[in-house]
Amino acid sequence: MLRVGMLTSGGDCQALNAAMRGVVKGLYAKRKDVEIYGFLDGYKGLMYSNFNVMGAKDFSGILNKGGTILGTSRQPFKLMRVPDENGLDKVEAMKHTYHKLNLDCLVVLGGNGTHKTANLLREEGLNVVTLPKTIDNDLWGTEMTFGFQSAVDVATETIDRIHTTASSHSRVFIVEVMGHKVGWVTLYAGIASGSDIILLPEIPYDIDAVAKALKQRKKSGHKFSIIAIAEGAISKEDAKLSKKELKAKRAKEKYTCASDELASRLAEKTDAEIRVANPGHTQRGGNPCAYDRVLATRLGATASEMILEGDYGKMAGIKNNVIIRVPLEEVAGKLKYVDPESDVITEAKLAGISFGE
Ligand code: F6P
């Protein structure tokens with residue numbers, strides 16, 4: 001009997017179910033003696049031995065369904081070595097569940113934090129295979145994570161809708177897109193929706209440059225403007241502060257988010273009528289787009305091959321449209337940022353988009 005544990009951890013995204021289905025279909029295509037142990041709500045299920053024994057049927061009909069049939073939760077990596085409120089050693093508890101169930105391996109679907117813990121479990125001797133999920137697309141070792149393209153589609157549609165009302169009312173609209181540390185979703189949705197200004201965490205903005213870009217657009221006859229700003233976008237002066245100084249400054253200013261701060265600072269510098277829109281978690285919700293279904297299926301099927309070959313300790317990723325296997329120690333703890341010098345940024349600038357520099 002092949003016993004495979006499976007869990008989804010961290011913030012959810014589209015195509016988690018598609019990826020699990022890919023794994024399970026791949027396994028059952030080659031072997032009939034497979035048991036899937038679906039751990040509920042992420043690493044929590046593994047810690048507290050909360051699982052369902054599942055088979056091929058449980059993963060049928062879920063290719064196009066958003067969310068995750070296993071549930072998920074955030075279990076910060078930095079707290080993994082800290083005992084829970086009842087003194088439970090979380091890492092030992094996860095290992096205990098794995099050995100108690102006599103698992104052959106564990107399939108983990110997750111983003112950055114999840115991969116740090118997956119690598120820790122690998123170091124602790126468990127057989128781990130991972131799949132890269134996150135709308136943020138910030139996982140090192142893969143050019144693309146599933147969830148990203150679907151989130152870009154949602155954010156693009158939101159900005160498209162904002163466009164028509166911004167145009168009718170001759171307003172400046174600031175749309176805040178998900179991404180605290182990286183600006184991939186903002187960059188792609190910003191370009192796809194024809195946003196005039198795109199502000200990313202990787203390119204700190206100059207408020208005067210943003211105001212100037214708005215004034216230039218007005219001067220050239222455009223009555224409205226759209227700014228796509230990432231959750232984690234930061235001004236040039238704030239980027240110079242230490243973490244502690246920034247925290248103190250933000251507590252004093254009491255802005256609720258990046259778009260709120262930008263709106264209030266722009267109101268001092270322009271006479272534009274400004275509105276803010278925040279699509280928030282809608283970007284992570286709903287059904288996966290076709291691209292994500294394909295990517296998740298390819299990655300999931302590859303994970304099934306890795307399991308059957310016993311090729312553990314790796315993440316299935318994609319590079320140049322080829323599915324690759326990347327060692328977990330290379331993936332864990334690294335973020336994939338937008339490179340301000342990359343072609344896509346240069347081309348966006350050629351197309352007239354301002355990055356507020
Ligand atoms: O999944 C990543 C992410 O979507 C970030 O872009 C966002 O800032 C964060 O999750 C918010 O997630 P939650 O509300 O679940 O903590």
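Please read these numbers as outputs of a predicted model, since none were measured by experiment. Ligands are counted one by one from 1 in listed order, and the atoms in each one are counted from 1 as well.
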Practice task
Check the surroundings of atom NZ in Lys336: do more than 12 heavy atoms from other residues, nucleotides or ligands lie under 6.0 Å from it?
Solution key: yes
Exercise for the section: For atom 6 (O) of ligand 1, grab the closest protein heavy atom and report residue, atom and distance to one decimal in Å. Expected result: Asp136 OD1, 2.7 Å
Completion exercise
Quick note on ligand 1: atoms under 4.0 Å from a heavy atom of Gly179 include exactly 6 (O)
Practice task
Within a distance under 4.0 Å of any heavy atom of His180, pick out the atoms of ligand 1 and give their elements.
Solution key: 8 (O)
Practice task
Step through the shown structure and confirm whether more than 12 heavy atoms of other residues, nucleotides or ligands are within 6.0 Å of NZ on Lys244.
Solution key: no
Problem - Per-residue contact class, Gln283 against ligand 1 - non-hydrogen pairs under 4.0 Å - result: neither
Handout entry: Arg161 atom CZ: more than 12 heavy-atom contacts under 6.0 Å
Key = no
Practice task
Could you go through the ring pair (Phe, Tyr, Trp, His ring centres under 6.0 Å) check for His163 and Phe173 one step at a time?
Solution key: CA-CA 8 Å; His163 241 109; Phe173 256 90; 9.9 Å; no
Problem - Min N/O separation Glu231 to ligand 1 under 3.5 Å - result: yes
Practice task
Look at atom 4 (O) of ligand 1 and say which protein heavy atom is nearest, naming residue and atom and giving the distance to 0.1 Å.
Solution key: Met178 SD, 3.2 Å
Handout entry: Flag if over 12 foreign heavy atoms under 6.0 Å of OH, Tyr188
Key = no
Handout entry: Ile135: numbered ligand 1 atoms lying under 4.0 Å from its heavy atoms
Key = 4 (O)
Exercise for the section: Identify the residue among Arg171, Lys218, Lys215 that makes a salt bridge (charged side-chain N to carboxylate O under 4.0 Å, His left out) with Asp271. Expected result: Lys218
Practice task
If you have a sec, work out which protein heavy atom is nearest atom 14 (O) of ligand 1 and how many Å separate them, to one decimal?
Solution key: His281 NE2, 2.7 Å
Handout entry: atom 13 (P) of ligand 1 [closest protein heavy-atom partner, distance rounded to 0.1 Å]
Key = Arg74 NH2, 3.5 Å
Exercise for the section: Return yes if a side-chain donor-acceptor contact under 3.5 Å exists between Asn50 and Lys44, otherwise no. Expected result: no
Completion exercise
Quick note on ligand 1: atoms under 4.0 Å from a heavy atom of Arg284 include exactly 1 (O), 3 (C), 4 (O), 9 (C), 10 (O), 11 (C), 12 (O), 13 (P), 15 (O)
